[in-house]
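Only one structure is covered here, and it is reproduced in the block below.
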Amino acid sequence: MASNMPATRDLLETPVQPTDAAVTVQGERFRRYLSAERIKKRVAEMGKTIARDYATTTPILVSVLNGAFMYTADLMRAIDTDCEIDFIKLSSYGDEKVSSGEVRELKSVDAELEGRDVLVVEDIVDTGLSMEFMKRRLAEYNPASLRVSTLLHKPTATEPDLTLDYVGFRIPDLFVIGYGLDYGQLARNLSDIYILDEG
Ligand code: PRP
């Protein structure tokens, strides 16, 4: 970790309740949980904090495809300082709602990460297997620092020792879609985030 980088601020939000607005995807009903407006506000806050923390360096964001593409585009625009971008592609869920437990790297990063300040950009940390895999994988490149950001985190589902530096929203352990997150590859284009309606 670069020694001149200040400590990360706590970015956790206040709890939210699902609304009555709903969508049906592949026969399953989901209720609107985070509005596009609320996401936008939170991502702007995260961008500001990240810009402050990396004010003296040019970080490289490593976005985890596919799910993080929308969050990455918005987060990067909210970072008002020099930064670069690269992509890695992982898969562990396929078209299912439950992790296969096996993380596969489908595309590796192209940029030279040695000596760089690397910030992973994930849409969601669920079991944490993908993020653990990412941290191990990217550490192999000997970056100067390696931090991770995730828009969503399911604390009750995740291995508690996993350190997350920038978290947008803590959410319950229910399947979520929208804003880049899919169910069977559908629903990534929804502007709001929806949560599985178990009722
Ligand atoms: C999703 C998501 C994260 C991962 C989180 O990816 O984008 O990368 O799962 O889950 P975990 O914490 O349980 O590992 P997915 O495998 O569904 O691929 P996708 O990003 O292409 O949708």
Side-chain angles (χ1 to χ4, degrees), residues 11-13 23-28 30 33-34 36 39 42-43 46 50 60-76 85-111 113 118-141 143 146-196 198:
L11 282 167
L12 298 179
E13 82 311 343
V23 291
T24 298
V25 180
Q26 312 233 70
E28 305 261 17
F30 294 81
Y33 187 64
L34 296 167
I39 297 165
R42 190 76 183 132
V43 173
M46 296 177 82
I50 290 166
I60 179 159
L61 312 187
V62 175
S63 173
V64 187
L65 295 171
N66 289 337
F69 77 97
M70 210 174 274
Y71 168 51
T72 304
D74 287 343
L75 182 68
M76 197 172 184
I85 184 78
D86 200 1
F87 298 91
I88 191 168
K89 182 165 175 164
L90 303 184
S91 181
S92 62
Y93 281 71
D95 289 341
E96 305 301 324
K97 291 209 291 288
V98 179
S99 171
S100 67
E102 186 200 347
V103 182
R104 290 184 302 137
E105 183 177 312
L106 304 180
K107 178 210 170 298
S108 55
V109 283
D110 297 314
L113 298 184
V118 174
L119 176 62
V120 175
V121 182
E122 256 290 21
D123 49 315
I124 185 166
V125 173
D126 188 328
T127 63
L129 288 175
S130 303
M131 191 57 99
E132 280 171 10
F133 177 94
M134 283 289 298
K135 284 184 152 188
R136 265 201 319 274
R137 181 78 185 93
L138 296 182
E140 290 171 9
Y141 294 100
L146 179 58
R147 284 183 174 184
V148 303
S149 89
T150 183
L151 179 66
L152 305 175
H153 178 213
K154 292 182 182 176
T156 57
T158 310
E159 156 64 44
D161 289 343
L162 182 67
T163 301
L164 303 172
D165 302 288
Y166 304 94
V167 176
F169 299 95
R170 274 180 165 161
I171 64 170
D173 188 10
L174 287 172
F175 195 73
V176 284
I177 58 168
Y179 194 66
L181 291 98
D182 75 305
Y183 180 27
Q185 301 306 323
L186 298 177
R188 294 194 198 271
N189 55 325
L190 299 174
S191 302
D192 306 306
I193 289 177
Y194 292 77
I195 196 158
L196 186 64
E198 286 195 314

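We count ligands from 1, going down the list as the structure has it; atoms in each ligand are counted the same way.
- Residue Met134 does not touch ligand 1, judged by heavy-atom distances below 4.0 Å.
- The protein heavy atom nearest to atom 18 (O) of ligand 1 is Leu90 O, 3.9 Å.
- Not a single heavy atom of Glu132 sits under 4.0 Å from any atom of ligand 1.
- Counting heavy atoms only, Thr127 comes closest to atom 11 (P) of ligand 1 of the residues Thr150, Thr127, Ile177.
- Glu122 OE2, 3.3 Å is the protein heavy atom nearest to atom 3 (C) of ligand 1.
- Counting heavy atoms under 4.0 Å from ligand 1, residue Asp123 touches it through the side chain alone.
- The nearest non-hydrogen atom to atom 21 (O) of ligand 1, considering only Val64, Asn66, Leu162, Leu181, comes from Asn66.
- Here the heavy atom of the protein found nearest to atom 16 (O) of ligand 1 is Ser92 N, 2.8 Å.
- Considering backbone and side-chain atoms alike, Ser91 places every N or O at 3.5 Å or more from each N or O of ligand 1.
- Counting heavy atoms only, Asp182 comes closest to atom 22 (O) of ligand 1 of the residues Leu65, Asp182, Val125.
- Annotation: Ile124 places no N or O atom under 3.5 Å from an N or O atom of ligand 1; distance criterion only.
- Atom 6 (O) of ligand 1 has Tyr93 CD1, 4.4 Å as its closest protein atom, hydrogens excluded (heavy atom only).
- Across the listed options Gly180, Ala157, Ser130, Ser130 owns the non-hydrogen atom lying nearest to atom 4 (C) of ligand 1.
- Of the protein's non-hydrogen atoms, Gly67 N, 2.9 Å is the one closest to atom 20 (O) of ligand 1.
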